[in-house]
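This report refers to the structure that appears directly beneath it.
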Amino acid sequence: MTLTTVVGSSGSGKTTFLNDVHKSHKCTYIRQYHTCRPYIPVTSIPNFDPTRLPYWHIYQSEGTADTIKVGGQLGAKFTAGLSGGQRKLLLFELICQRTAQQTELLIALDEPFAGVTDDFVPWIVERLHELKKRHNVILVTNDHVAALTDMADNTITVSAIDRTVVTIQNNNNNNQDPSNGNGKQQPPPPSHAVDRQRAIFALSLGDDYTYQSTSQELQFFYQCEILGDSTLIGMGIYAAVCYGLFVATFWDTNEDLAALVLVAGGIINYFSVNPYLLSLVPWRNAMLEECEALMHSSKGLNRALKVLLTILLIFVFAWAEFLVVNATTSGFSQIKFWVAMFFDAVSLMLGHICFGIYTDWDFGNVQLVGGLPFLTMIFFSTTFSPGAGVPVLKELRYLYARFYFWCMVPNVQDSMEGCPADNVNVLYLVLASMVGVTVFLTAQVIGAIRKKRASVEHVKLRESMHDAEFHRLQVTLYGEKALRQLNHVQSSSPHALKVAGDEAEDEDDDVVNVDAVCDAV
């Protein structure tokens, strides 16, 4: 196996080059500033032995090993735990342990020495030698360049002057016969310029990492997202205070004003769950990077569990709303009103859930689009102005669960225009709460089709480069014998088409997961 270093001046595009290799191969990847959920207890990571970390004995001697968390910042919240350098060593050791029983993987490391003090450098170098025995490693570095160049089989130099090409140097000719059959050591070949995309495709070889989900994955999610996330405790305290004030200030409300009580209860419900909705984008980003570093097995599983947990929170807060409303006024004791409260809340919050968890949108865009159901409900549901509005726009009220909810409210339902019959009103309410999800799924399917088409074009581009020069480049990078083995592994892999550099498979998987969750709702 080989070790390839990527070097170049600051701003030359070293990390971008490594990112493109990762996109092309979906290889195991540790980023320069890798994000993890900071509240994860280190000892809860599935199938991981933290005692092999070079600093873990300190926590064992202090008696704090079981309470140490990954640490760092997620969103605007900081959690005490490991330092930045310690987290990098944790991820490095995690990959070493995860990949110990497999061979022919491609492992990408971006600045593995960044943030790590010199006393841990020998430990990293030792681990690199271990990885190199079984896998091909490509890493970017600005630190200890001389030591790594001596250790590396190949050096790729990227330049800020011409970003269309890279320079490849085979450092010690280990991949070929050093004597050339005559017993004399041959000098390494000179460096030569190669088309950047061709170099990325040439590097994108290796087996797919296989990681089987176990019950430990569910336990890991439970420990991190239910026991370890302090946001849940804060939400509970916030809701208890708000609903306590709600009961005190709305006590013994006249039934004629019941609609105002429902509006107030719904607002408290929305803002009680909102902190959790705001945390979904940072959570998604951290979870995906953890998966790249092999911390857990499935992006789809974690996304689905997070959706179910969020809906469970909405379920609980809907019960709280139902109880306090009935404590302050009369006429809402039937279970159909709880159903209306729950699905009304779901219709307003599913945008945050779907876009926050199942897209790659940033925080601002998710908040903007996720808040549209709440905002447009005010305009189009006609619940704030029954019977009013421009004739065509008024028809949009049938798309909102709040409209059907208000068709059930005593002293208000008679003023609502076009309410369905009582025996089907709840059904229409539930269906209306799913309108946003239907639009989202449709957009996901369209996006997946576009990704698939882009994938086909990318495959064609890759195949167009398979010529004699491409073969020679791969021999330079991997050696003739290793190249034959890697090509055999690649062709026999059930996921061989992943090398296309697309994310269509991820998108398709996401659509299925969303569909399954929404069916469950």
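Heavy atoms only: backbone and side chains are in, while hydrogens, waters and symmetry mates are out.
With sequence neighbours left out, the side chain to side chain contact (heavy atoms under 4.5 Å, CB included) criterion links Arg52 to Asp49, Glu93, Gln97, Arg127, Glu130. Residues satisfying the side chain to side chain donor-acceptor pair (under 3.5 Å) criterion with Thr328, sequence neighbours excluded, are absent altogether. In this structure, the side chain to side chain donor-acceptor pair (under 3.5 Å) partners of Lys77, at least two apart in sequence or on a different chain, are Ser230. Considering only residues two or more places apart in sequence or on other chains, Asp20 meets the salt bridge (charged side-chain N to carboxylate O under 4.0 Å, His left out) condition with Arg196. By the side chain to side chain contact (heavy atoms under 4.5 Å, CB included) test, His57 is found to be paired with Gln60, residues two or more places apart in sequence or in another chain being considered. Partners of Asn425 by side chain to side chain donor-acceptor pair (under 3.5 Å), not counting sequence neighbours: none found. When the side chain to side chain donor-acceptor pair (under 3.5 Å) test is applied to Glu290, the partners found at least two apart in sequence or on another chain are Arg37, His296. Checked against side chain to side chain contact (heavy atoms under 4.5 Å, CB included), Gln101 has no partners two or more places apart in sequence or in another chain. Listed by chain and residue number, nothing satisfies the salt bridge (charged side-chain N to carboxylate O under 4.0 Å, His left out) test with Lys69 (two or more places apart in sequence, or in another chain).
Between Ile124 and Leu89 there is a side-chain heavy-atom pair separated by less than 4.5 Å. The closest side-chain heavy-atom distance from Leu106 to Ile138 is below 4.5 Å. Inter-residue side-chain proximity for Val140 and Leu109 is flagged as unmet; no heavy-atom pair is nearer than 4.5 Å. Counting only heavy atoms from C-beta outward, the side chains of Asn136 and Leu205 never approach each other to under 4.5 Å. Met377 places a side-chain heavy atom less than 4.5 Å from the side chain of Thr383. Taking the side chain as every heavy atom from C-beta outward, Thr4 and Val137 never approach each other to under 4.5 Å. Inter-residue side-chain proximity for Val281 and Asp362 is flagged as unmet; no heavy-atom pair is nearer than 4.5 Å. At least one side-chain heavy atom of Met287 sits less than 4.5 Å from a side-chain heavy atom of Lys299.
A side-chain donor-acceptor contact under 3.5 Å links Arg98 to the backbone of Asn47.
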Could you go step by step and tell me if Asp118 and Val121 meet the side chain to side chain contact (heavy atoms under 4.5 Å, CB included) rule?
-> CA-CA 5 Å; Asp118 289 344; Val121 170; 4.2 Å; yes
Derivation and outcome, side chain to side chain contact (heavy atoms under 4.5 Å, CB included), residues Phe355 and Leu280 = CA-CA 9 Å; Phe355 287 98; Leu280 292 179; over 6 Å; no
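For the pair Asn19 and Arg31, the tightest heavy-atom approach, listed with the atom from each and the gap, is OD1-NH1, 3.7 Å. Closest of all the heavy-atom pairs between Gln223 and Ser44 is OE1-CB, 2.9 Å. Taking both residues in full, the closest heavy atoms of Thr99 and His135 are given as O-NE2, 2.9 Å, listed atom of the first, atom of the second, then distance. In terms of heavy-atom proximity, Pro275 sits nearest to Ser272 at CD-O, 3.4 Å. When every heavy atom of Cys224 is checked against every heavy atom of Ile40, the shortest pair comes out as SG-CG1, 3.7 Å. Annotation for Pro50 and Phe48: closest pair CD-O, 3.3 Å, computed over non-hydrogen atoms.
Counted by atom type alone, Asp110 and Thr15 present one or more donor-acceptor pairs between their side chains at under 3.5 Å. Defined by atom type and a distance below 3.5 Å, a donor-acceptor pair is present between the side-chain atoms of Ser204 and Ser24.
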Side-chain polar contacts of residues 306-325 - donor-acceptor pairs under 3.5 angstrom, sequence neighbours left out - could you list them?
{"from": "Lys306", "atom 1": "NZ", "to": "Glu225", "atom 2": "OE1", "distance (Å)": "2.7"}
{"from": "Lys306", "atom 1": "NZ", "to": "Tyr276", "atom 2": "OH", "distance (Å)": "2.8"}
{"from": "Thr310", "atom 1": "OG1", "to": "Lys306", "atom 2": "O", "distance (Å)": "2.8"}
{"from": "Glu321", "atom 1": "OE1", "to": "Asn269", "atom 2": "ND2", "distance (Å)": "3.0"}
{"from": "Glu321", "atom 1": "OE2", "to": "Gly266", "atom 2": "N", "distance (Å)": "3.3"}

Just distance, no hydrogens or angles: give the donor-acceptor pairs under 3.5 Å from side chains in residues 236-252, sequence neighbours left out.
{"from": "Thr249", "atom 1": "OG1", "to": "Leu245", "atom 2": "O", "distance (Å)": "2.7"}
{"from": "Thr249", "atom 1": "OG1", "to": "Phe246", "atom 2": "O", "distance (Å)": "3.4"}

Please tabulate, one pair per line, all N/O donor-acceptor pairs under 3.5 Å involving side-chain atoms of residues 398-410, not counting sequence neighbours.
{"from": "Tyr398", "atom 1": "OH", "to": "Gly418", "atom 2": "O", "distance (Å)": "3.4"}
{"from": "Tyr400", "atom 1": "OH", "to": "Thr376", "atom 2": "OG1", "distance (Å)": "2.9"}
{"from": "Arg402", "atom 1": "NE", "to": "Asp344", "atom 2": "OD1", "distance (Å)": "3.1"}
{"from": "Arg402", "atom 1": "NE", "to": "Asp344", "atom 2": "OD2", "distance (Å)": "3.1"}
{"from": "Arg402", "atom 1": "NH2", "to": "Asp344", "atom 2": "OD2", "distance (Å)": "2.9"}
{"from": "Tyr404", "atom 1": "OH", "to": "Tyr398", "atom 2": "O", "distance (Å)": "2.9"}

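Within a 6.0 Å radius of OH in Tyr222, no more than 12 heavy atoms belonging to other residues, nucleotides or ligands are found. The neighbour count for Tyr428 OH, taken as heavy atoms of other residues, nucleotides or ligands under 6.0 Å away, does not exceed 12.
Of the inter-residue distances, the one linking Glu289 atom CD with His34 atom NE2 reads 5.0 Å to the nearest 0.5 angstrom.
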